[in-house]
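Input: a single structure, listed below in structure tokens.
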Amino acid sequence: MKKLFSLLMIVALVAVFVPVVSAAPPAQGQEYIVTAGDWLSKIADKYLGNPQAWPAIMSATNTKNLEDSSFAKITNADLIEPGWKLWVPSKEEAEAFLATYDPSKPELLFGKGAAGQLVVASWWTAGGEAEGLTGLFEIYASKYPDVEIVNATVAGGAGFVFRPVLKTRLIAGDPPDTFQLHAGLEVEGYDPETYLEPLDDIYASEGLEEAFPADLLTLLKYKDHYWGVPVNIHRSNILWYDKSIFAEAGLTPPETWDDFFAVCEALKAKGVVPFVMGTSGGWEAPHVFEDVLAGTCGAETYKGLWSGAVPWTDPCVAQALETFKKMLTYVNTDHPALSWDGAGHYLIDNKGAMMIMGDWTNGWFQAEGYTDYGWAPPPGTKGIFVALSDSFALPKKAPNRDNAIAWVKVCGSKEGQEAFNPKKGSICARTDCDPALFNEYLQSAMADWAVDAIVPSVVHGAAAIESWVTDYKDAITLFVTSGDVAGTQTALQQACVDAGACQ
Ligand code: GAL
């Protein structure tokens, strides 16, 4: 009995004093090799006792990677691979990091190169967009290898999610080094005189006034200054169609709205979704409508609607709304759940025949390996190029100002634009890029850009100030469900009045 008691005491003491293989890291942190089925929060839970502590592991690993490339570089917290070597900081280090970590600042998850970081903020996460951006990063990295580039994206087409996040950072005095900005009136929404640096000196030193076409330069100037260096020109008004579906049905792309609806009927009879949209971002239907508006009102009247020269009570606005309403009767019913690229799968899968979307779709199709597509201007817009341009701006408080200046110079350079645009699905903002680098669609866009009437896109920041874009977007989004032509026309006129452009 006594013996048994002693034995039990020993077992109990061992249980109390000898920990069962502790996962806690040593005081100075430790290496960890990723195994199958691992993810960062699981590792954080096991070693730091807190699944939310994964950013500390990501940051520590990325910092190690700068000095020792045997450590992984984690660019996406959800993608770690077996065999990668990570650095798990000590609990104290992790806690110190988390005390200052701000999830809206992805740069905190990366180390700093010998020459600091370059934090590039954009909404380019879709196929084609991401590849184009990587092309620019590669050119930058080849020139400035000691700078750690941080790809600070906020997903969501057309930047409607990105912009409020960026604005908050600007106002807080905590901006990224550079950010994506549409050429045109979008800049007004960022109060550039308060928060941005004018880039006129860079335009002069890089000869950019000679490199870009005059119309684009005019669009880029706001309050007498340049606030962004453009990387590209995109076209909003393209009707993409599935070539096999059209060929099998003996159809050709519609040139008038009557043709369009006849084609829709023929496609419907074949059990194909005639017209495809994804409207989950809230900007895609307004995008389609700007093209219907341009195709119905014509280039001059369309421009007049945005300059205030033509009131929104003009009959062409009602006519465009009627047309759009009819188009919506041929659309995929799951459109509210899909993004623009999500909707593009209808074409890839041969289930949908036509989609109106900007020519980043060409970059996306390329990235998806889809080649069975044709393109045409949407009805009424032959000879009209609804244009927009992406530029990069320099916040006044950019933490790595020199790196950001070097970045916008790369953005404006021939080398940068030739690396970016063929993948992005856009044409160069510069006039001297080599056309041979571009696919057939983009060569056709270059030809059209040279001769078409150029009118500004509203959804993509060229035509109107931010509050007007929001009102326009909200009115059209409501219209998709209400179908109220008269009410929507009144709301559009009111939006123009509120923006100070109409009486
Ligand atoms: C536009 C932008 C394009 C493309 C598109 C979809 O606003 O200018 O570059 O990215 O959004 O995200």
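The shown structure was predicted, so the numbers you read here are calculated from the model rather than taken from an experiment. Starting from 1, each residue takes its place in the sequence as its number. Start at 1 and go down the list; that is how both ligands and their atoms are numbered. Side chains are part of it too, since the values below use all heavy atoms of this structure and drop only hydrogens, waters and symmetry mates.
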Just by distance, do the side chain of Asn332 and the backbone of Met277 share a donor-acceptor pair under 3.5 Å?
yes
CG of Leu239 to OG1 of Thr381, rounded to nearest 0.5 Å, is 8.5 Å
At less than 4.0 angstrom from any non-hydrogen atom of Leu388, what atoms of ligand 1 do you find?
8 (O)
Do any nitrogen or oxygen atoms of His182 come within less than 3.5 Å of a nitrogen or oxygen of ligand 1?
yes
Give me the nearest non-hydrogen protein atom to atom 6 (C) of ligand 1 as residue plus atom name, then the distance to 0.1 Å.
Glu129 OE2, 3.1 Å
Do any N/O atoms on Ala158 end up under 3.5 angstrom from N/O atoms on ligand 1?
yes
Among all protein heavy atoms in this structure, tell me which lies nearest to atom 8 (O) of ligand 1, with the distance rounded to 0.1 Å.
Asp390 OD1, 2.6 Å
Centroid separation under 6.0 Å, is that true for the rings of Trp124 and Phe392?
yes
Could you list the atoms of ligand 1 found under 4.0 angstrom from a heavy atom of Lys424?
3 (C), 4 (C), 9 (O), 10 (O)
Go through the side-chain N and O atoms of Asn439 and Gln443 and say whether any donor and acceptor fall under 3.5 Å apart.
no
Heavy-atom distances under 4.0 Å decide this one: backbone, side chain, both or neither, for Asn232 against ligand 1?
neither
Can you confirm whether the side chains of Ser444 and Trp375 place a donor and an acceptor under 3.5 Å from each other?
yes
How close does the nearest protein non-hydrogen atom get to atom 1 (C) of ligand 1, and which residue and atom is it?
His460 ND1, 3.3 Å
With a 4.0 Å cut-off, would you call Glu466 and Lys167 a salt bridge?
yes
